[in-house]
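Here's the structure, in structure tokens; my notes come after.
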Amino acid sequence: MPSPCIGVFDSGFGGLTVLKALLELIPGADYLYFGDTARLPYGSKSAETVAKYAVEASNFLQRQGAHMLVIACNTATALAFDEIEAATRIPVVGVVEPGAQAAAAASENESVVVIATEATVNSHAYQKALEAHGMDAREMACPLLVPLVEEGWIDHPVTEQVARIYLEKAFTDGFQAADTLLLGCTHYPLLEAVLRRAAPEHVTLVDSAASTARVVAQQMQTHPYFAAGHPTHPARLKFYATDSAEKFKRLGAHFLGQPIEQVEHVDLKE
Ligand code: DGL
């Protein structure tokens with residue numbers, strides 16, 4: 001029996017933070033990672049456009065043999081989860097519900113601030129998911145953070161200043177005492193140190209990468225391959241990008257925390 005193959009989809013490199021968390025929890029699977037770098041950012045696009053791109057990417061991953069699809073992109077999950085699920089024959093896991101669950105578990109006073117892209121915030125997907133868990137939620141769009149991370153300004157005074165401006169605004173008007181900050185974007189785990197310093201001291205940071213990986217790991221426990229106790233091999237990884245393979249290797253290594261050897265360029269129009 002072949003080992004399970006997990007397809008991970010993101011608008012670009014950011015979803016590699018989710019792949020990193022998956023590799024830690026499920027090292028015995030095969031992974032296909034698709035980064036739609038030519039059409040990034042999704043965070044400023046309409047729901048229709050994001051749904052169209054995301055369905056194309058998920059079809060591609062199915063054609064390559066994925067048995068399960070992880071939508072690592074918060075924007076794609078927030079705007080298009082239902083469309084992707086309806087168009088896909090394999091199980092689909094998104095990042096919004098696992099992230100909301102983790103934030104609800106972390107918050108003691110049931111008050112959570114979520115930071116995300118403009119499109120994610122406008123969809124209110126996180127607010128709805130958090131309210132369903134009994135949380136009070138404040139969403140704050142932080143559109144400048146993705147370009148700063150893409151520029152490599154990870155631990156940079158400008159990024160810290162920008163983060164402070166957003167977070168000062170978020171933790172006001174009834175949310176001064178919110179005790180949890182949910183990082184609702186693939187890029188934000190890289191800014192953990194900066195966000196830690198910029199957020200009020202009493203706040204716990206939660207990101208959806210680790211919690212999404214836990215949900216996938218739970219589902220994998222019942223997969224016949226793992227349930228039958230097959231000897232596992234080191235994870236086999238394959239990367240696809242719609243823009244420059246070289247750039248993907250260079251920037252992607254930051255997100256994945258290890259070198260990326262081979263990237264195949266894909267043109268979905270072909
Ligand atoms: N992957 C997106 C997200 O998690 C951030 C980058 C983009 O806007 O495409 O929301």
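The model shown is predicted, which means the values in this text are computed figures rather than measured ones. Just follow the structure's listing: the first ligand is 1, and inside any ligand the first atom is 1.
- Evaluation of the ring pair (Phe, Tyr, Trp, His ring centres under 6.0 Å) test over residues 102-157, restricted to residues two or more places apart or in two chains, returns Trp153-His156.
- Between Phe34 and the options Phe239, Tyr53, Phe60, Phe13, a ring-ring contact (aromatic ring centres under 6.0 Å, His included) holds for only Phe60.
- In summary, the side chains of Thr204 and Thr180 do not present any donor paired with an acceptor at a separation below 3.5 Å, with no hydrogens or angles considered.
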Please set out all donor-acceptor pairs under 3.5 angstrom arising from side-chain atoms of residues 248-257, sequence neighbours excluded.
from   : atom 1 : to     : atom 2 : distance (Å)
Lys249 : NZ     : Glu246 : OE2    : 3.4
Lys249 : NZ     : Glu261 : O      : 3.4

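- Among Leu195, Val113, Ile115, Leu144, the single residue meeting the side-chain contact (heavy atoms from CB on, under 4.5 Å) criterion with Tyr166 is Leu144.
- The side chain to side chain contact (heavy atoms under 4.5 Å, CB included) search around Arg89 returns Gln62, not counting sequence neighbours.
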Write 'none' if nothing qualifies; otherwise put on separate lines each N/O atom of ligand 1 with a protein N/O atom under 3.5 Å away and their distance to 0.1 Å.
from     : atom 1 : to     : atom 2 : distance (Å)
ligand 1 : 1 (N)  : Asp10  : OD1    : 3.0
ligand 1 : 1 (N)  : Ser11  : OG     : 3.1
ligand 1 : 1 (N)  : Thr186 : OG1    : 2.9
ligand 1 : 4 (O)  : Asn74  : N      : 3.0
ligand 1 : 4 (O)  : Asn74  : ND2    : 3.1
ligand 1 : 4 (O)  : Thr186 : N      : 3.0
ligand 1 : 4 (O)  : Thr186 : OG1    : 3.1
ligand 1 : 8 (O)  : Tyr42  : N      : 3.3
ligand 1 : 8 (O)  : Gly43  : N      : 2.8
ligand 1 : 9 (O)  : Ser11  : OG     : 2.6
ligand 1 : 9 (O)  : Tyr42  : N      : 2.7
ligand 1 : 10 (O) : Thr75  : N      : 3.2
ligand 1 : 10 (O) : Thr75  : OG1    : 2.6

